[in-house]
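Read through the structure below, which is laid out as structure tokens, and then see the notes.
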Amino acid sequence: MAMEKELRKRNEELEKALKESKKREEEMRNELLKTWHRLRVAEDAEERLCSQLGELEAEALNQARAHNARVLFLMDQLSQLSAS
């Protein structure tokens with residue numbers, strides 16, 4: 001009789017521990033999903049930033065080339081004026 005009572009008590013303790021373990025597992029799973037989602041958002045943002053950076057670099061290169069062409073043009077004009 002006492003052994004049966006002890007076994008029931010032990011069984012209840014084990015069931016309680018199992019429920020707590022399952023609850024912690026579910027909480028960890030939810031946290032993992034939230035972390036995965038934040039990672040995807042960060043990766044998407046990184047891709048957009050890289051794309052924007054590439055566009056800005058191309059624009060800066062075009063502006064530098066245009067500026068260089070303008071400087072060469074003005075230098076040529078100055079040299080023609082000083083030659084005259």
Side-chain angles (χ1 to χ4, degrees):
M1 197 96 173
M3 186 173 212
E4 186 178 314
K5 188 176 182 182
E6 206 173 297
L7 286 174
R8 278 194 194 128
K9 184 178 178 185
R10 180 67 179 139
N11 191 40
E12 288 172 3
E13 290 171 356
L14 290 172
E15 285 178 1
K16 182 179 177 184
L18 178 62
K19 284 180 183 178
E20 290 173 1
S21 175
K22 285 183 177 182
K23 182 180 178 186
R24 283 192 309 272
E25 181 183 348
E26 185 64 29
E27 289 171 354
M28 289 181 358
R29 183 179 288 115
N30 288 338
E31 190 60 35
L32 180 61
L33 286 173
K34 287 177 187 176
T35 301
W36 180 82
H37 179 68
R38 288 193 301 269
L39 175 62
R40 287 296 310 140
V41 169
E43 287 176 344
D44 290 345
E46 180 185 22
E47 288 177 20
R48 286 192 304 275
L49 286 173
C50 286
S51 175
Q52 290 173 352
L53 180 60
E55 291 171 5
L56 288 172
E57 287 175 338
E59 183 180 333
L61 181 61
N62 287 337
Q63 288 179 358
R65 286 178 177 159
H67 178 70
N68 189 45
R70 178 78 174 145
V71 168
L72 292 175
F73 172 75
L74 292 173
M75 287 174 55
D76 186 51
Q77 282 190 333
L78 281 174
S79 67
Q80 287 178 14
L81 284 175
S82 61
S84 318

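Here the structure is a predicted model, which means the values were calculated and not measured.
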Notebook entry, point to check: For E27, does the CD atom sit with more than 12 other heavy atoms under 6.0 Å from it, leaving out its own atoms?
Noted result: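 Enclosed.
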
Next item on the list: Check the surroundings of atom CD in Q77: do more than 12 heavy atoms from other residues, nucleotides or ligands lie under 6.0 Å from it?
Entry: yes

First locate atom [atom1] of [X], then atom [atom2] of [Y], and finally report the distance between them rounded to the nearest 0.5 Å.
| X | Y | atom1 | atom2 | answer |
| --- | --- | --- | --- | --- |
| K22 | L18 | NZ | CG | 4.5 Å |
| D76 | L81 | CG | CG | 10.0 Å |
| C50 | E55 | SG | CD | 11.5 Å |
| E26 | M28 | CD | CE | 10.5 Å |
| L39 | E46 | CG | CD | 9.5 Å |
| H67 | N62 | NE2 | CG | 14.5 Å |

Between [Y] and [X], is the closest basic N to carboxylate O distance under 4.0 Å?
| X | Y | value |
| --- | --- | --- |
| R40 | E43 | yes |
| R8 | E4 | yes |
| R10 | E13 | yes |

Next item on the list: Verify side-chain contact (heavy atoms from CB on, under 4.5 Å) between E57 and L61, making sure each step is shown before the conclusion.
Entry: CA-CA 6 Å; E57 287 175 338; L61 181 61; over 6 Å; no

Note to self: Do R29 and E25 make a side-chain contact, defined as non-hydrogen atoms from C-beta onward lying under 4.5 Å apart?
What the structure shows: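 Yes, at least one pair of side-chain atoms sits under 4.5 Å.
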
Margin query: Taking the side chain as everything from C-beta on, heavy atoms only, tell me whether R48 gets closer than 4.5 Å to D44.
Written below: yes

Item checked: Check: A17 main-chain N/O paired with S21 side-chain donor or acceptor under 3.5 Å ->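 No, because the side chain of S21 does not come within donor-acceptor range (under 3.5 Å) of the backbone of A17.
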
Checklist line | Donor-acceptor contact below 3.5 Å, side chain T35 vs main chain E31 | finding: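 Yes, because the side chain of T35 sits within donor-acceptor range (under 3.5 Å) of the backbone of E31.
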
